**Q** 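I have a structure here, written as structure tokens, and I will follow up with some questions on it.
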Amino acid sequence: MSQCDTCLFYVYDEEYGDYCCDVRMDEDDAVRLFGGRRSTGCPYYRVDDEYATVRKQI
């Protein structure tokens, strides 16, 4: 399982029929992220915590 599988921005795209990253980034960020050297992981990674809203209500 990759880091993307548990990310909030990893969503199913019905048009492509597959999962993809839904982060809004500019071209410079995309080149930096996908340009080869991945030493620290994705800077946009956020845990898909479905209970976050519930904890705020309590």
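Please read these numbers as outputs of a predicted model, since none were measured by experiment.
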**Q** Who are the salt bridge (Lys or Arg N to Asp or Glu O under 4.0 Å) partners of D13, not counting sequence neighbours?
**A** none
**Q** What's the verdict on side-chain contact (heavy atoms from CB on, under 4.5 Å) for Y10 and D5, showing C-alpha distance, side-chain angles and the deciding distance?
**A** CA-CA 7 Å; Y10 195 61; D5 292 339; 3.6 Å; yes
**Q** Are there over 12 heavy-atom neighbours, none belonging to Y12, within less than 6.0 Å of that residue's OH?
**A**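 Enclosed.
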**Q** The criterion is side chain to side chain contact (heavy atoms under 4.5 Å, CB included); which residues satisfy it with D26, sequence neighbours excluded?
**A** D28, D29
**Q** Is any side-chain heavy atom of V11 closer than 4.5 Å to one of Y19?
**A**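 Y19 vs V11: side chains apart.
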**Q** Could you give the distance from SG (C42) to CE (M25), rounded to the nearest 0.5 Å?
**A**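 So the SG of C42 and the CE of M25 are separated by 6.5 Å.
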**Q** Can you tell me which residue among C4, C21, C7 is in a side chain to side chain contact (heavy atoms under 4.5 Å, CB included) with Y45?
**A** C7
